[in-house]
Number of protein chains: 2
Amino acid sequence: MMKPVPEPVTIRDVARQARAGVGTVSRVLNGGANVSPATREWILEVMRHLDFRPHAQARRISGRRSEMVCFLLCNRDFVHSFHARVLQGVETCASELSRHVIYAVSCHNSNTPPGRIPLPPILRERGWFDGLILTGLIYGNFIRRIQALRIPLVALGNNVVTVDGAAEFDRVGFDGHKGTAEATEYLIRQGHRRIAFIGDTSFPWFKERQKGYAAAMLNGRLEPLAFTAKGVSAFAEYGEQAVASLLTSKSRPTAVVAGNDKIAYGVWRALLRQGLSVPDHISLVGFDDREEALLMEPPLTTVRVHKEEIGEALMKLLLERIHRPGPPFTRRIISTELVVRRSVKPRP
Amino acid sequence: MMKPVPEPVTIRDVARQARAGVGTVSRVLNGGANVSPATREWILEVMRHLDFRPHAQARRISGRRSEMVCFLLCNRDFVHSFHARVLQGVETCASELSRHVIYAVSCHNSNTPPGRIPLPPILRERGWFDGLILTGLIYGNFIRRIQALRIPLVALGNNVVTVDGAAEFDRVGFDGHKGTAEATEYLIRQGHRRIAFIGDTSFPWFKERQKGYAAAMLNGRLEPLAFTAKGVSAFAEYGEQAVASLLTSKSRPTAVVAGNDKIAYGVWRALLRQGLSVPDHISLVGFDDREEALLMEPPLTTVRVHKEEIGEALMKLLLERIHRPGPPFTRRIISTELVVRRSVKPRP
DNA sequence: ACTGGTTCTGGAACCGGTTTCATCATCTCC
DNA sequence: GGAGATGATGAAACCGGTTCCAGAACCAGT
């Protein structure tokens, strides 16, 4: 015998069973005002008895609010632990505020020309979510196209590229300039004079950090040095290759500021292979404070970015944006923190 | 002057503008049969002109299908790169199949007693999603409670604990037993005889791997050795502490099979600190093939788990489950792969 | 021109909730 | 005890889609 799938219980079933109107049941569902305690108790009892679970979509459709947000990772090549942790911050905050999170990844990658980036399918319909959180590698033009759909959005400010025109939007970020400057100043205080920066400045975040580094150097009346690599996409390899040119330079630096921890890792490994030790021969600082920082030996001195906190701030700012459309836009900075470990050695 | 937020365009607006019936417009929306080419073109034109974006929730409510799945990470302490990559596999597969993914994390953690684990709020309503993917650390009882709500689900089989009773469900997993056995056999072929296993067997996945290790040892007529640590929760530290007891043992092993790469990393670091080298003094293999494996020096020989592939398989299996309710349940195994790097040295 | 059969089409009913509204019971106050 | 305010209630309209259905338009065959 075929057992039929039982029809789900609806609000009208509850109303009928409780000999009440659907309106009353609905008011009970929503912690309703204007329901007598006796009636409420009775209807709650009936709901429990029937195993009533209200239909989420149906509730949202008339309520005009989906209570979902979408975390959109722009660019498939950026599926990394950094964004995973921002997502985690978003999720934590969302669940505290009774919201749910849709996780989506834009279908393009780094090979896609900026003008050709398609809008993700989830944007084709309205009503999936109330607002959008953008991370990854974000183009200004992409933001403007989404804004044209009147979708509330916030973005991880550090990751926005505006080669194709600026955009106005709410952003949360960290101060890469200041963070790197502080790390550089720390190296200077430790007695270092020839300090190099290694990072691919075609990415906006490395550009910003490079500027912070340069500012600190100039401020200390020191000459900024940069070493680069060509034609590598992975960050660790970028660091590894850049070291090659660093070692052949006539006045070898005594310290390196790496654009992030992955690059620092590459630098570390390349030095190790050359028989050079961190920090005995060359001191090293990174940026991000990823897991790698603790895995290196000695553990890496680096600039910690509070990724979960950024996620939380993104979520909160998005909710404000949803409730208050239109300018002005705000910019929230989550402060970084220099984490001193053992990869830097003072120089007399 | 206050600029009113423009009312969103509905299907009835399109119908009115196109002088057509809503039914016809709906049929056009759904690639509809029984619409004359001329009418279709005309209505599409009107839709484009009005910037019509259909309301997702409204479409789903009568369609009885949300086209969403929920990726639920059970246990907050398991927010790690492993699950992030499974999630990535799920997302990739979902977007190919025009589904969206809700990312949720259960609000309990490892301190929560199994019986006290609350159902996540997203389960209180129906209609958010069509099916559930469970990862993290999953209790059999938890699964049964969700099944009682008639929610289709699949789970990462390796991560299910059945101390509180078994459960029947669709599962995708990898064969930890076989994977570790192969790694152990590889060590044996390389001439090792005293091989130890290090891993906290109170976790189901380490238990399974430990059994695979033991089977391979017995099969090679060797005696299984285990070293453990007490009262540490982080895996790397577990490895580090276990090494202490390993080094004091009377007949020191020449090779170690670690429960996973994090433990292997801890082992590696502890040995390094004792002035012992991998692989010269002790050979080492891990499990998972996480990022850490490549960061160690020398890079770690380990058993690769195809995490994205597992995510894809979970997604596909879930869709099957949604369309065909009721037993039988299936079990899908994604094969592992021994990745030989340089952390093992042959013994004469 | 009439028939029978497709193909198209618009309108109504429906999905499962929320919100508005009219009604009626109670309560307060003079 | 009657007027007016307040609270509780059920019915109906609504949210924005889909689906069903009756009828119109069209077509070929005799």
Practice item. Between B:Ile61 and B:Gly23, name the one whose nearest nucleotide on DNA chain D is closer to the 5' end. Key: B:Ile61
Exercise for review: Tell me, please, the opening and closing nucleotides of DNA chain D, 5' to 3', among those with an atom under 4.0 angstrom from a non-hydrogen atom of chain B.
Suggested key: D:dG16 to D:dC20
Taking only residues two or more places apart in sequence or in another chain, which ones pass salt bridge (charged side-chain N to carboxylate O under 4.0 Å, His left out) with [X]?
X        : result
B:Asp130 : none
A:Arg331 : none
A:Arg60  : A:Glu67, B:Glu125
B:Glu308 : B:Arg85

Run the side chain to side chain donor-acceptor pair (under 3.5 Å) test against [X] and tell me which residues pass, sequence neighbours left out.
X        : result
A:Asp77  : A:Ser110
B:Asp170 : B:Arg321, B:Thr330
A:Thr162 : none

Check your understanding: Are B:Arg76 and A:Glu91 ion-paired here, with the side-chain N under 4.0 Å from a carboxylate O?
Key -> yes
Exercise for review: Produce a footprint string for nucleotides 23-28 of chain C: one letter per nucleotide, 5' end first; B if the base is under 4.0 Å from any protein heavy atom, S if only the sugar-phosphate is, - if neither.
Suggested key: ------
Exercise for review: Write down the distance between CZ (A:Arg59) and C1' (C:dT19), rounded to a whole number of angstrom.
Suggested key: 14 Å
**Study point:** Rounded distance (Å) that lies between atom C1' of C:dT18 and atom CZ of A:Arg60
**Key:** 12 Å
Revision key, fill the gap. Interatomic distance, CZ@B:Phe169 vs CD1@B:Ile146, rounded to 0.5 Å, equals 11.0 Å
Sugar-phosphate, base or nothing in reach of [X], heavy atoms under 4.0 Å:
X        : value
B:Thr10  : sugar-phosphate
A:Arg126 : sugar-phosphate
B:Arg12  : base

Point to revise | Residues in ring-ring contact (aromatic ring centres under 6.0 Å, His included) contact with A:Phe78, at least two apart in sequence or another chain | key: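 By the ring-ring contact (aromatic ring centres under 6.0 Å, His included) rule, A:Phe78 matches A:Trp205.
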Donor-acceptor contacts, no H, no angles, side chain residues 94-102 of chain A, under 3.5 Å, sequence neighbours left out:
unit_1: A:Ser95; atom_1: OG; unit_2: A:Thr92; atom_2: O; d: 3.2
unit_1: A:Arg99; atom_1: NH1; unit_2: A:Leu97; atom_2: O; d: 2.6

List, with names and distances, any nitrogen or oxygen atoms from the protein found under 3.5 Å away from nitrogen or oxygen atoms belonging to nucleotides 5-9 of chain C.
unit_1: C:dT9; atom_1: OP1; unit_2: B:Ser36; atom_2: OG; d: 3.3
unit_1: C:dT9; atom_1: OP1; unit_2: B:Thr39; atom_2: OG1; d: 2.5
unit_1: C:dT9; atom_1: OP2; unit_2: B:Ser36; atom_2: N; d: 3.1
unit_1: C:dT9; atom_1: OP2; unit_2: B:Thr39; atom_2: OG1; d: 3.2

